[in-house]
Peer 1: 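Take this structure first; my questions come after.
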Amino acid sequence: MPIWTTQPQAWGWFHILGIVIAFVFISLGFFLGDKFKVAQKPKISNMILWLCSIFFISIEVLKEVMLVVRGEFAYRELPFQICSLIIFTLPIMLLIKKESVKDFFLSFISFFCMTGAFFYFIKPTTALNSPSILISIRSFLWHWMILFTSTFLIESYDVLNRKIHKFFFKGYILWLVFLTIAVTIDTVC
């Protein structure tokens with residue numbers, strides 16, 4: 001696995017390039033979300049979201065394999081951080097037919113996952129601290145795709161034309177459910 005000869009630094013070229021590319025992914029998410037509104041083109045919109053879901057699952061499996069190969073696999077690396085919850089929430093959201101229930105997942109992804117990914121770019125710990133170039137790039141790619149998926153959802157589902165405070169509250173409730181699960185698992189383990 002290729003190793004950094006000079007470890008990337010916060011606000012260095014690698015970090016700034018990651019931020020610039022993040023804005024490209026955000027713009028692409030808004031552009032495609034506007035072009036493929038779920039109300040007008042549900043099949044194309046859902047296909048894009050299923051491809052995103054497959055991407056997230058595949059790249060998570062790749063990360064776990066890379067950690068095992070390097071002998072660094074740890075249970076703490078299992079995907080239950082706020083940015084990783086999109087692995088579970090996106091496919092569940094796509095499978096749910098009842099709009100009122102789907103809104104909980106839509107709100108969670110479009111607000112909480114997106115916020116977590118956005119703040120990752122302020123201090124991208126994994127991307128800057130990993131000795132592996134592939135893991136660093138994979139970390140940025142993961143968060144770029146969260147930004148793309150979230151902005152695509154916001155635009156394609158017309159989230160900004162909803163009553164934001166009520167819609168946001170649904171995501172907050174789901175976040176509390178995940179928080180309770182995480183604390184329970186942490187306490188039991």
Side-chain angles (χ1 to χ4, degrees), residues 17-66 78-121 124 126-127 134-135 137-164 166-175 177-178 181:
L17 179 63
I19 292 169
V20 169
I21 294 173
F23 282 106
V24 171
F25 274 73
I26 290 168
S27 299
L28 184 62
F30 277 125
F31 172 77
L32 291 176
D34 184 50
K35 189 171 180 162
F36 302 112
K37 298 275 188 190
V38 78
Q40 298 152 353
K41 299 180 180 178
K43 287 184 180 179
I44 296 173
S45 178
N46 283 334
M47 181 191 69
I48 291 170
L49 292 170
W50 275 113
L51 289 172
C52 290
S53 186
I54 290 166
F55 167 83
F56 286 118
I57 292 167
S58 301
I59 200 165
E60 182 62 28
V61 169
L62 175 67
K63 177 187 95 174
E64 300 299 338
V65 168
M66 286 191 294
L78 293 175
F80 210 70
Q81 300 85 10
I82 197 152
C83 291
S84 299
L85 289 173
I86 199 165
I87 293 173
F88 312 110
T89 55
L90 184 58
I92 291 170
M93 186 200 88
L94 291 168
L95 292 171
I96 293 172
K97 301 294 180 208
K98 190 170 183 173
E99 291 300 317
S100 60
V101 177
K102 182 179 274 204
D103 280 352
F104 284 87
F105 291 88
L106 177 60
S107 174
F108 178 79
I109 296 167
S110 58
F111 289 120
F112 288 88
C113 291
M114 182 176 178
T115 302
F118 176 77
F119 280 109
Y120 178 81
F121 286 97
T126 304
L134 293 176
I135 291 177
I137 292 171
R138 179 249 169 237
S139 182
F140 268 154
L141 184 58
W142 178 270
H143 291 88
W144 291 330
M145 280 301 294
I146 292 174
L147 293 173
F148 167 80
T149 305
S150 298
T151 53
F152 180 85
L153 285 170
I154 287 169
E155 193 62 33
S156 67
Y157 278 87
D158 281 325
V159 168
L160 298 178
N161 291 328
R162 299 174 185 227
K163 292 182 179 177
I164 295 295
K166 288 182 180 178
F167 188 71
F168 175 81
F169 188 69
K170 290 179 180 182
Y172 184 71
I173 289 171
L174 192 56
W175 178 78
V177 168
F178 287 133
I181 292 169

Peer 1: Can you tell me how far the CG atom of L94 sits from the CG atom of L106, to the nearest 0.5 Å?
Peer 2: 10.0 Å
Peer 1: Calculate, to the nearest 0.5 Å, the distance between atoms CG and OG1 belonging to L32 and T151 respectively.
Peer 2: 9.0 Å
Peer 1: Please name all residues satisfying salt bridge (Lys or Arg N to Asp or Glu O under 4.0 Å) with K170, sequence neighbours left out, ordered by chain then number.
Peer 2: D103
Peer 1: Quick one: does I82's side chain get under 4.5 Å of F178's, heavy atoms only?
Peer 2: no
Peer 1: In Å and rounded to the nearest 0.5 Å, what is the CZ to CG distance from F148 to L153?
Peer 2: 9.0 Å
Peer 1: Please examine the side chains of F167 and F111, heavy atoms only from C-beta on, and report whether any two atoms are closer than 4.5 Å.
Peer 2: yes
Peer 1: Are any of the side-chain heavy atoms of Q40 and K35 separated by less than 4.5 Å?
Peer 2: no
Peer 1: Strictly by ring-ring contact (aromatic ring centres under 6.0 Å, His included), give each pair with a member in residues 23-52 just once, sequence neighbours left out.
Peer 2: F25-W144
Peer 1: Under a 3.5 Å cutoff, is there a donor and acceptor pairing between the side chains of Y157 and S45?
Peer 2: no
Peer 1: What is the minimum heavy-atom distance between F121 and P124, and which atoms define it?
Peer 2: O-CD, 3.9 Å
Peer 1: For L49, does its backbone N or O pair with a side-chain atom of S53 as donor and acceptor, under 3.5 Å?
Peer 2: no
Peer 1: Report the distance from atom OG of S107 to atom CE of M93, rounding to the nearest 0.5 Å.
Peer 2: 11.5 Å
Peer 1: So does F118 have more than 12 non-hydrogen atoms from other groups sitting under 6.0 Å from CZ?
Peer 2: no
Peer 1: Determine whether F56 and T89 make a side-chain contact, defined as any pair of heavy atoms from C-beta on separated by less than 4.5 Å.
Peer 2: no
Peer 1: Under a 4.5 Å cut-off applied to non-hydrogen side-chain atoms, are I109 and M114 in contact?
Peer 2: no
Peer 1: State, yes or no, whether a side-chain contact exists between F104 and V177 at a heavy-atom distance under 4.5 Å.
Peer 2: no
Peer 1: Can you find a pair of side-chain heavy atoms, one from Y120 and one from W142, that are under 4.5 Å apart?
Peer 2: no
Peer 1: List for me each residue that meets salt bridge (Lys or Arg N to Asp or Glu O under 4.0 Å) alongside K37, sequence neighbours excluded, and say none if there are none.
Peer 2: D34, E155, D158
Peer 1: Return the minimal non-hydrogen interatomic distance between I146 and C83, and the atom names on each side.
Peer 2: CD1-O, 3.1 Å
Peer 1: For K102, does the NZ atom have more than 12 heavy-atom neighbours from other residues, nucleotides or ligands under 6.0 Å away?
Peer 2: yes
Peer 1: Can you tell me how far apart CZ (F168) and OG (S110) are? Round to the nearest 0.5 Å.
Peer 2: 10.0 Å
Peer 1: Roughly how far apart are L141 CG and L134 CG, rounded to 0.5 Å?
Peer 2: 11.5 Å
Peer 1: Within the structure provided, determine whether F105 and L95 are in side-chain contact (heavy-atom separation under 4.5 Å).
Peer 2: no
